[in-house]
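The structure under discussion appears below in the form of structure tokens.
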Amino acid sequence: MKKSVTLTMLSIATTLIFLGSCKPKNTNNAVTGDAAAKAYVAPGKYDEFYNFVSGGFSGQMSVYGLPSGRLFRVIPVFSVDPEKGWGYSEETKPMLNTSHGFVPWDDLHHIELSQTAGEVNGKWAFANGNNTPRLARVDLKTFRTAEIIELPNSGGNHSSPFGTENSEYIVAGTRFSVPADDSNGDVPIDSYKENFKGHISFVSVDKETGAMDIAFQLKTPGVNFDLARSGKGKSHGWFFFSCYNTEQANTLLEVNASQKDKDFIMAVNWKKAEEYIKAGKGKKQKVRYAHNVYNEQTHTATSTIKTEVTVLDVAEFKDICYFIPCPKSPHGCDVDPTGEYIVGSGKLAALIPVFSFDKLQKAIANKTFDGDYSGIPVVKYEAALYGEVKKPGLGPLHTEFDGKGFAYTSMFVSSEIVKWNIKDLAVVDRAPTFYSVGHLCIPGGNTAKPFGKYLIAYNKITKDRYLPTGPELTQSAQIFDISGDKMQMILDFPTIGEPHYANAAPAELIKNNGQLKIYKIDENKHPFVAKGESEAKVTREGNKVHVYMTSVRSHFAPDNIEGVKMGDEVYFHITNLEQDWDVPHGFSIKGANNAELLIMPGETTTLKWIPDRVGIFPMYCTDFCSALHQEMQGYVRVSPAGSSVPLSFHVGKKPAATN
Ligand code: K7E
Ligand code: CUA
């Protein structure tokens, strides 16, 4: 009997997989006429919005203009990037340190822009590492990753990073429940129900500096947290998480975690949790996690291993946590701009439930519960439900809001975006996507004040939309104009990696936030800086050779170095002396098992090189910086170990022996 149920579930799952590859009917939907003009930004003109797009398995964040879809920048976050030397230079290696050692890659799914009073403030972009649980903060003055914090007790940081309305906290829920870090993890996998726990991290953010710290964690029943949103306005102080696998299965989840008709949205009263923490009710737990910070004065990152976290077990406090039943394997969990409506998107559900914050509060006050789940009260479905969007489409995943009373939900299986009215829950428009849409983004669409105007669909499958490029096709996004009643597609653009969530903000907000154009050379506190060519030198400490090198259009100083020997470790500390915007210099040397350096004006960056043979090694600038860029080159002479060639260096004059 049980077997046949399992097989039925399997065939449903299989059907959905096939549905996932069906095309919408009107595939010849090419953009024509006035539609294309809406995405046109003339050469030399600026876009209206910055679009920050997750790179998925690329581990990076990319920055596009809206509505042009022009790619401005790929910001390296969790993955090494040889183009920028990220994770290769001595200064940036500590950014990718974890309790597991140097982890050069991650899977970045979601982006959260910092907020003040529920509105985007243009300061920082946060991103999650889904594989080795980490949270990153990108500084939008420099478009660089400024901080990465590892999350203990977690196994896959997917329900992350989602912020409260003043970015008091960036919140991160674990996708995989696992035994807590301080418990014996050497347990049978099928002891999931006893031994596996969920953890949700509340990471505080300093209002001025952005500095992050794990303020506390909530220990929860062992389920999978998928996505989340904070409350806002009236529901400020609450957080909502979608949970799947409330069956607590540990194998063949596509079947075994799809048994129940309803999973949960977990509502968390984080203000209450904060009170308990302040009252000292949290338990200190021994853990190990890395906290990596980039210092803009020294141009150097440091990694600190921290050893303690404060944990509150939600089952011990009766008024922090509540489960709301939500059909069926919910993915997205989105809160409308007023904070009253909470939308659950069940991947396998044929409707979209919309919950009411007011009704939830009433249900909690009146204890309208349907028993409990692992000691947490389960609110009656109808008691929290505002209503259901009927027949929206197949495979609802994520919802964004336009601030004009409408919600837009992505339908993965039926490859469409469905626009519906939040008040009467009536579907008012549909637009096909090409194909299998995942996340949606409206600028500010997750905040109290969406900017509306555009909606971007981030698609999972591209198929026939672009020229073929072998087995792997580019991922893609599609922009819709949503200023009218009907959605109108205006542009397709390819993306880097796999796009999941994205966020967008008005260009004015970010380009006027005090963008850094150069690092001031006078303020450079790098320990190996050379602030002018007169400070350029080469020193030896045992087998370590330090080159204090400068670069300026169009030469290095020094550009001839002799006296390096086999067995030496050479550190090229290069200071770019330029003080003009947009004049980086690059650096590379033949045979280096390393990437290039790309050094911004006023910055000092270090390349480590271990010569592997005797001979002459050319080095050169990799960035075409001037008419005489190609002349920006030099040589290092490597002699055998024990050679008597003295260490010397020069630029444009005879070598001066130093030892
Ligand atoms: Cu791609 Cu937000 Cu990881 Cu949905 S998640 S699509
Ligand atoms: Cu410096 Cu090219």
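Values below: every heavy atom of this structure, side chains too, minus hydrogens, waters and symmetry copies. Note that the structure is a prediction, hence the values are computed from the model and not measured. Sequential numbering from 1 along the given sequence is applied to the chain's residues. When a ligand or atom number is given, it counts from 1 through the structure's own listing order.
- If you look at Phe239 and Tyr169, their ring centroids are not closer than 6.0 Å.
- No side-chain N or O of His299 forms a donor-acceptor pair with one of His526 less than 3.5 Å apart.
- Nearest N/O/S atom of His158 relative to atom 3 (Cu) of ligand 1: this is NE2.
- Between the side chains of His109 and His439, not a single donor N or O lies within less than 3.5 Å of an accepting N or O.
- At a heavy-atom cutoff of 4.0 Å, ligand 1 is contacted by no atom of Asn130, backbone or side chain.
- None of the N, O or S atoms belonging to His110 lies under 2.8 Å away from atom 3 (Cu) of ligand 1.
- When SG of Cys625 and SD of Met632 are joined through atom 1 (Cu) of ligand 2, the resulting angle is 100° to the nearest 10°.
- Residues His585 and Arg553 have side chains in contact (heavy-atom distance under 4.5 Å, counting atoms from C-beta outward).
- Side chains of Gln60 and Ser58: a donor-acceptor N/O pair is absent below 3.5 angstrom, by distance only.
- Shortest distance from atom 2 (Cu) of ligand 2 to His629 is reached at ND1 (N/O/S atoms only).
- Near His439, meaning under 4.0 Å from one of its heavy atoms, ligand 1 places the atoms 1 (Cu), 2 (Cu), 4 (Cu), 5 (S), 6 (S).
- Contact atoms of ligand 1 toward His398: 2 (Cu), 4 (Cu), 6 (S) (distance under 4.0 Å to a heavy atom of the residue).
- Atom 2 (Cu) of ligand 2 sits nearest to atom O when only the N, O or S atoms of Asp623 are considered.
- By the 4.0 Å heavy-atom criterion, Glu498 is excluded from the residues contacting ligand 1.
- For the residue pair Gln217/Asn153, the side-chain donor-acceptor check at 3.5 Å is satisfied.
- Atom 3 (Cu) of ligand 1 has an N, O or S atom of His109 under 2.8 Å away, backbone or side chain.
- The ligand atoms of ligand 1 that sit less than 4.0 angstrom from a heavy atom of Lys460 are 1 (Cu), 6 (S).
- Taking atom 1 (Cu) of ligand 2 as reference, the nearest N/O/S atom within His585 carries the name ND1.
- For atom 1 (Cu) of ligand 1, the closest non-hydrogen atom on the protein side is His500 ND1, 2.1 Å.
- Inspection of the Glu91 and Thr606 side chains reveals an N or O donor paired with an N or O acceptor under 3.5 Å.
- Within the 4.5 Å cutoff, no side-chain heavy atoms of Val437 are placed close to those of Leu397.
- The side-chain contact (heavy atoms from CB on, under 4.5 Å) with Asp226 is formed by just one residue from the set Cys333, Pro330, Ser329, Ser242; it is Ser242.
- Close approach of ligand 1 to His331 (heavy-atom distance below 4.0 Å) involves ligand atoms 4 (Cu), 5 (S), 6 (S).
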